[in-house]
**Student:** 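Following this message is one structure expressed as structure tokens.
Treat the numbers as computed from the prediction; the structure is a model and nothing was measured. Proteins get letters first, then strands, A, B, ... in listed order; numbering begins at 1 in each.
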Amino acid sequence: MKWSRAFINTLRETPKEAESISHKYMLRACLIKKLGAGVYDLLPLGLKSLNKVTAIIREEMNAAGAQEVLLPILSPSELWQESGRWAKYGKEMMRMTDRHENSWALGPTHEEVITDLVRSQVNSYKQLPLNLYQIQVKFRDEIRPRFGVMRSREFMMKDAYSFDRDEAAAMATYRLMFDTYTKICKRIGFKFRSVDADSGPIGGNCSSEFMVLAETGEDTIIYCENEKCGYAANMEKAVFKKPEPQTAAEEPLTKVHTPNIRTVEELAAFLGKKPEDTAKTILYIVDEKKMAGAVMRGDREINEVKLKNALGASEIRLATPDEILEKTGAPVGFAGPINLKEKGIRLAIDETVASLKNTVTGGNELDYHYTGVNRGRDYQENLVADFAKAVKGDTCAKCGGKLNEQKGIEMGHVFYLGKKYSKSMQAKFLDEDGKSKEFEMGCFGIGVSRTVAASIEQNNDENGIIWPMAIAPYEVNVIPVNVKYEEGMKYAEEIYKKLKDAGIDVIMDDRDISPGVKFKDSDLIGFPLRVVVGEKNFKDGKVEVKLRREKDFALMDKAEVFDRVVGIVKKEKEIK
RNA sequence: CGGGGUGUAGCGCAGUUGGUAGCGCACCUGCCUUGGGAGCAGGGGGUCGCCAGUUCGAAUCUGGCCACCCCGACCA
């Protein structure tokens, strides 16, 4: 491609909408253009990079035996009603009505559609295992799209769905996909980590997220510093080692007047105790019906995802001050486990609280707390569970090492789904034993648009993007410094053509403009390799070859440039 | 949805007693220049987010609406 013909209009200034680094550079380098909130035009440079990502994904998915399909963007409401998600999915699913008054969804995901396809085509265990995937646009009407294509409403996604005859086979597929994702991440050049994840409302009980490590990531990863241990989990799922049960003699239960004291810090200071000696009781509304009390050690935060799972709820929210007053008889800040069950409130105790002796809790009465509170003697819970948020510095439950945290961007997610959809949608096959069975399913997604942004988030400097060779829009940028210098221009044309013929993805900046602009643009867009033909060096038979990520360039004899460049491109694309 | 903010040229912005719109970058033409977003000269480009109102007159004042951004809630 000759730059003078390319659709590239770089911006010197950053449009004010851009917040994150990748968003900024994607706009400035002319990869994307915003059309509306969370909706972007993908421009040639952006699309080229995205296509390289999808090519890698296709190769690896195909190598793993998956087969590509293309499902419609629209799906009929009937399918979603069958699975129950028409009602459950909420506003994130964009719905519309056609001229016949039929309802449709703009597909936010395709479990229903694929299950419908497979149940109509697959009747026998002989057709299994089956793994179908597509690379296609998804639409999710996000409440707040942000960071450009990192969290957009319309985005490219690779989603695969597997069908197996039993759980063992499904787990084998799961592991195969896990390995495939690992390969994909490596080929793209990511610094990444795979972590245990919460399955969420999609169901199933085995799931891993592939996290691209980046300061600006929206997700928090908890990981064990002991590399041999290797424990890593999404914050929502992370567990840690709980303290041993305390053994102190039980003190008498005492009601204490605690005027105007509502927070744990105030309470601990008032009583001369530490926050970890106290227990706070947070009231939740479960599935918009019943109230539940969650008791947490004073110094710890509640992990609402874990709590939701522990309660077996599909949705929880904090109770409002009015609801709390009405149900417990005390204003916010004075709730406690004693006599809470008697008020019809389900009581969940975190494991950290279960091990406490003589703790402090709210008195369920304005300005009163209890001290010397002991579980079993003073109150009885409905369940003990782990719903505490793990934090940096906690002890690893697996090896006893120290937990740390880092930020990441979720680029992919692998799920073991089980029979959630095959059951609700009656998707069955006939097994070897002549019995009709529901498929064991798995689902495996990669946010393709986001992958491009994540790579930029991980590879950049103050001048722009630093593409890894594998997904750079062009691998090499050939710059004749002065297009009017005929010898140099002639050489640039030659090397450009030779590289192109050799299958190198090359662009030549043939614009008749000042060299500064060419260098700035080259750095901004971030081509991994730059070949500069300048008059002074060329007269000595030398040409400059420079890697974007490195500061210094190499002066090469003009005759060896072709071989060297081809060699570098090839080497850079190898999996490290 | 709650809180905050912004809409003026492709991008960044200025525009107060209300008098019919400007700067930098980008773009076009010419000259000049050619190793880090050059220089000079000339030029094109605007329903000032939309609708209504006040006024002789509205980018500017009033009301309504819309879009977009940030924080939060939310996030298969």
**Student:** Counting only Watson-Crick pairs (N1-N3 plus N6-O4 or O6-N4) and G-U wobbles (N1-O2, O6-N3), all under 3.5 Å, who is the partner of B:rC1?
**Tutor:** B:rG72
**Student:** So, using side-chain hydrogen bond (donor to acceptor under 3.5 Å, both in side chains) as the criterion, who are the partners of A:E560 when residues are at least two apart?
**Tutor:** A:R564
**Student:** Send over the distance from A:E17 CD to B:rU6 P, rounded to a whole Å.
**Tutor:** 17 Å
**Student:** Can you check the A:N234 CG to B:rC75 C1' distance for me, whole Å?
**Tutor:** 12 Å
**Student:** With no angle test and no hydrogens, is the base of B:rC75 tied to the side chain of A:R140 by a donor-acceptor pair under 3.5 Å?
**Tutor:** no
**Student:** Say you pick atom C1' in B:rC13 and the same atom in B:rA76; how far apart are they, in whole Å?
**Tutor:** 42 Å
**Student:** Answer yes or no: is there an ion pair linking A:R119 with A:E82, defined by an N-O contact shorter than 4.0 Å?
**Tutor:** yes
**Student:** Is the closest side-chain donor-acceptor distance between A:W104 and A:S75 under 3.5 Å?
**Tutor:** no
**Student:** Could you tell me the Watson-Crick or G-U partner of B:rU62, where both distances fall under 3.5 Å? Say none if there is no partner.
**Tutor:** B:rA52
**Student:** Checking all strands, does A:P108 fall into the base, sugar-phosphate, or nothing category for heavy-atom contacts under 4.0 angstrom?
**Tutor:** nothing
**Student:** Distance check, P atoms only: B:rC25 and B:rG42, in whole angstrom units.
**Tutor:** 14 Å
**Student:** Distance check needed: B:rA76 C1' versus A:M441 CE, whole Å only.
**Tutor:** 13 Å
**Student:** Now, which nucleotide makes the Watson-Crick or G-U wobble pair with B:rA67, with each of the two distances under 3.5 Å?
**Tutor:** B:rU6
**Student:** Decide, yes or no, whether a salt bridge links A:E19 with A:R146 under the criterion of side-chain N to carboxylate O below 4.0 Å.
**Tutor:** no
**Student:** Given atom CD of A:E13 and atom P of B:rA9, what is their separation to the nearest angstrom?
**Tutor:** 14 Å
**Student:** Looking at A:D512 and A:K484, does any basic side-chain N land under 4.0 Å from a carboxylate oxygen?
**Tutor:** yes
**Student:** Grab the CE-P distance between A:M235 and B:rC75 for me, whole Å please.
**Tutor:** 16 Å
**Student:** Could you give the distance separating B:rG22 and B:rA59 at their P atoms, to the nearest angstrom?
**Tutor:** 13 Å
**Student:** Applying ring-ring contact (aromatic ring centres under 6.0 Å, His included) between A:Y181 and each of A:F190, A:F210, A:F192, A:Y174, report the one that passes.
**Tutor:** A:F210
**Student:** Which whole number of Å gives the distance between the C1' atom of B:rG63 and that of B:rG19?
**Tutor:** 24 Å
**Student:** Is the shortest distance from a Lys or Arg side-chain nitrogen in A:E218 or A:K407 to a carboxylate oxygen in the other one below 4.0 Å?
**Tutor:** no
**Student:** Write down the distance between NZ (A:K34) and C1' (B:rG10), rounded to a whole number of angstrom.
**Tutor:** 14 Å
**Student:** With a 4.0 Å cut-off on heavy atoms, is A:R146 in touch with a base, just the backbone sugar-phosphate, or nothing at all?
**Tutor:** base
**Student:** Taking atom P in both B:rC61 and B:rG3, compute the distance separating them and give it to the nearest angstrom.
**Tutor:** 23 Å
**Student:** Atom CE of A:M94 to atom P of B:rA76: distance rounded to whole Å?
**Tutor:** 19 Å
**Student:** When the P atoms of B:rG49 and B:rA21 are compared, how many Å lie between them, rounded to an integer?
**Tutor:** 15 Å
**Student:** Using atom C1' in both nucleotides, what's the gap between B:rC74 and B:rU55 to the nearest angstrom?
**Tutor:** 47 Å
**Student:** Mind calculating the distance between CD (A:E218) and P (B:rC75) to the nearest angstrom?
**Tutor:** 13 Å
**Student:** Run the side chain to side chain contact (heavy atoms under 4.5 Å, CB included) check on A:R548 and A:W467 step by step: do they pass?
**Tutor:** CA-CA 8 Å; A:R548 171 67 176 86; A:W467 288 110; over 6 Å; no
**Student:** Spell out protein contact along nucleotides 34-48 of chain B as letters: B when the base is contacted, S when just the sugar-phosphate is, - when no protein heavy atom is under 4.0 Å; keep the 5' to 3' order.
**Tutor:** BBBBS----------
**Student:** For B:rC13, give the paired nucleotide (Watson-Crick: N1-N3 plus N6-O4 or O6-N4; G-U: N1-O2 and O6-N3; both under 3.5 Å), or none.
**Tutor:** B:rG22
**Student:** Counting just side-chain N and O atoms, does A:R144 come under 4.0 Å of either OP1 or OP2 of B:rA73?
**Tutor:** no
**Student:** For residues 26-40 of chain A, which side-chain N or O atoms pair as donor and acceptor with protein atoms under 3.5 Å away, sequence neighbours left out?
**Tutor:**
| from | atom 1 | to | atom 2 | distance (Å) |
| --- | --- | --- | --- | --- |
| A:R28 | NE | A:L11 | O | 2.9 |
| A:Y40 | OH | A:H23 | NE2 | 3.3 |

**Student:** For nucleotides B:rC32 and B:rU17, find the distance between their P atoms and express it as a whole number of Å.
**Tutor:** 47 Å
**Student:** Can you tell me the pairing partner of B:rG42 across any strand shown, Watson-Crick or G-U wobble, with both distances under 3.5 angstrom?
**Tutor:** B:rC28
**Student:** Within the 4.0 Å heavy-atom criterion, would you say A:K91 contacts the bases, only the backbone, or no part of the nucleic acid?
**Tutor:** nothing
**Student:** Would you indicate what A:Y485 reaches in the nucleic acid, counting non-hydrogen atoms under 4.0 angstrom: base, sugar-phosphate, or nothing?
**Tutor:** nothing
**Student:** What's the closest nucleotide to the side chain of A:E92 if the choices are B:rC74, B:rG12, B:rC75?
**Tutor:** B:rC75
